[in-house]
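All remarks here apply to the structure that follows.
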2 protein chains.
Amino acid sequence: MANDTTTEQKILEAAEDVFHEKGYDGARMQEIAEQAGINKGLLHYYFKTKDKLFEAIFSAALNRMISRILSILELEIPLDQKIDLIVDQYMGMLMKNPALPRFVLNELNKNPDQFIAKHFKKDIKDAFANFSASVKKEADNGTIKQIDGHMLFMNMISMIIFPFIGRPLIQVVLGSDNAEFKQIMLERKEHIKKFIKDAIRV
Amino acid sequence: MANDTTTEQKILEAAEDVFHEKGYDGARMQEIAEQAGINKGLLHYYFKTKDKLFEAIFSAALNRMISRILSILELEIPLDQKIDLIVDQYMGMLMKNPALPRFVLNELNKNPDQFIAKHFKKDIKDAFANFSASVKKEADNGTIKQIDGHMLFMNMISMIIFPFIGRPLIQVVLGSDNAEFKQIMLERKEHIKKFIKDAIRV
DNA sequence: GTCTATATCATGATAGAC
DNA sequence: GTCTATCATGATATAGAC
């Protein structure tokens with residue numbers, strides 16, 4: 001037939017939609033089955049329990065949320081390039097996955113341990129130590145202000161991610177619809193890069 | 001007896017804890033009753049349905065999240081003072097209510113209409129028009145750079161709120177426990193104020 | 001007002017036919 | 001592999017005694 005995606009793929013896509021949108025507690029196996037065009041029985045045939053299905057979706061989401069930023073953080077390039085890369089790539093990713101950060105951070109908050117098991121912990125700390133080191137180096141060279149690397153990173157990541165989580169509020173403030181929101185996020189890429197550089201320039 | 005709080009107050013406090021922590025979907029009437037030291041029957045005697053109880057908690061939370069910032073935005077004071085006030089007061093409020101933004105933004109996302117009914121919409125748009133106007137005025141006077149008022153506000157509010165929502169991630173990065181997190185947020189107040197002023201200074 | 005017991009319903013999960 | 005029918009559980013909500 002025209003649609004050659006396997007049933008498992010259809011389930012995973014439907015589950016991603018529903019879990020990302022409603023979270024674990026709000027998601028219904030019934031709705032996932034409907035959206036995948038199958039019935040509950042078959043859903044349980046592929047993924048024995050809601051927990052197992054969720055686990056598949058969550059770990060993919062956590063990975064998408066973290067892996068790319070880690071690989072950028074570890075690059076041996078000048079700080080300003082690193083900032084540009086992070087802003088461009090991360091915002092690009094979020095524009096394609098606008099529900100991702102809310103989903104991941106919510107579920108992570110309910111169960112912070114999901115991390116430790118996921119071997120990410122060490123990678124994360126290493127990557128950030130690297131980032132902080134390059135901030136310190138540039139500051140000592142006098143090419144930027146003295147600034148705490150962790151704070152700088154928190155500022156950057158906050159400005160990038162928050163609008164997607166605070167979207168309902170922001171759309172009221174800006175009086176914007178979904179199309180306008182996307183356009184604003186596009187402009188925001190350039191804005192953030194400039195804002196950060198203005199803040200750290202000596 | 002020693003505890004003279006009324007039953008209704010005990011319920012509201014317990015419901016606030018549970019709803020803020022677990023959201024509407026994850027909250028259980030049973031748990032709220034236990035935490036209030038009563039039983040489910042009595043809970044339904046005071047608040048007929050889960051929805052009604054939730055509504056009471058949510059509208060109080062939305063109000064706490066928005067009202068103070070609105071009143072600051074409308075003050076007729078110089079921009080830099082306005083920034084200081086917002087950062088200080090809003091971060092102070094969040095340190096006392098760390099679960100608030102996640103709760104409000106999540107529930108708002110599930111049901112964006114809760115806003116329109118809440119008469120806030122107009123107040124919000126007015127307050128931000130005011131803020132944007134004062135940004136523009138200072139920029140035209142040459143006391144700060146030319147910068148879009150909405151973007152500036154988004155930056156500020158992002159840097160303030162995001163750490164509380166992204167806390168599980170941030171604590172991994174910083175390797176910090178709860179006490180340390182609080183200390184870092186305290187330092188962050190000063191950091192954000194300086195960061196913003198550095199970014200907009202001409 | 002407060003409690004216990006129960007009705008009602010929704011949901012995750014299983015059994016079994018095809 | 002896929003479906004229908006059913007079970008078992010747990011949650012909201014109500015009834016009624018005290």
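The sequence lines fix the lettering, A, B, ..., with proteins before strands; numbering per chain opens at 1. Side chains are part of it too, since the values below use all heavy atoms of this structure and drop only hydrogens, waters and symmetry mates.
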How long is the line joining CZ of B/Phe19 and P of D/dT12, in whole Å?
9 Å
Between P on C/dG12 and NZ on A/Lys52, what's the gap in Å once rounded to a whole number?
15 Å
Applying side chain to side chain donor-acceptor pair (under 3.5 Å), run through A/Glu34 and A/Asn39 and close with a yes or a no.
CA-CA 7 Å; A/Glu34 273 165 22; A/Asn39 57 42; over 6 Å; no
Classify the nucleic acid contact of B/Ala33 as base, sugar-phosphate or nothing, counting any heavy atom under 4.0 Å across all strands shown.
nothing
Checking A/Asp25 against B/Tyr24: is there a side-chain donor and acceptor pair closer than 3.5 Å?
no
Could you pull out all residues at least two apart from A/Glu16 that satisfy salt bridge (charged side-chain N to carboxylate O under 4.0 Å, His left out)?
A/Arg64
Atom-pair distance (CG on A/Leu53; P on C/dT11), nearest Å:
16 Å
What's the CD-P distance between A/Gln30 and D/dT4, to the nearest Å?
11 Å
Using only side-chain N and O atoms of B/Asn39, determine if any of them is under 4.0 Å from OP1 or OP2 of C/dC3.
yes
In whole angstroms, how far is the P atom of D/dC3 from the CD1 atom of A/Ile11?
10 Å
Parallel, tilted or perpendicular, judged at 30° and 60°: which one describes the rings of A/Phe153 and A/Phe128?
perpendicular
Is there a donor in the side chain of A/Gln183 and an acceptor in the side chain of A/Glu187, or the other way round, less than 3.5 Å apart?
yes
Between B/Val173, B/Val172, B/Leu174, which is the residue that forms a side chain to side chain contact (heavy atoms under 4.5 Å, CB included) with B/Ser176?
B/Leu174
Tell me: CD1 of A/Ile38 to C1' of C/dA13, nearest whole Å?
14 Å
Cut-off 3.5 Å, side chains only: do A/His20 and A/Asn97 have a donor facing an acceptor?
no
Grab the CD-P distance between A/Glu34 and D/dT4 for me, whole Å please.
12 Å
Return the residues of residues 42-50 of chain A meeting this criterion: a heavy atom under 4.0 Å from some atom of DNA chain C. Order them by number, or give none.
A/His44, A/Lys48, A/Thr49, A/Lys50
Whole angstrom is fine here: how far is it from CD in B/Glu8 over to P in C/dT2?
11 Å
Of the listed nucleotides (D/dT12, C/dT11, D/dC3), which one gets closest to any side-chain atom of A/Arg28?
C/dT11
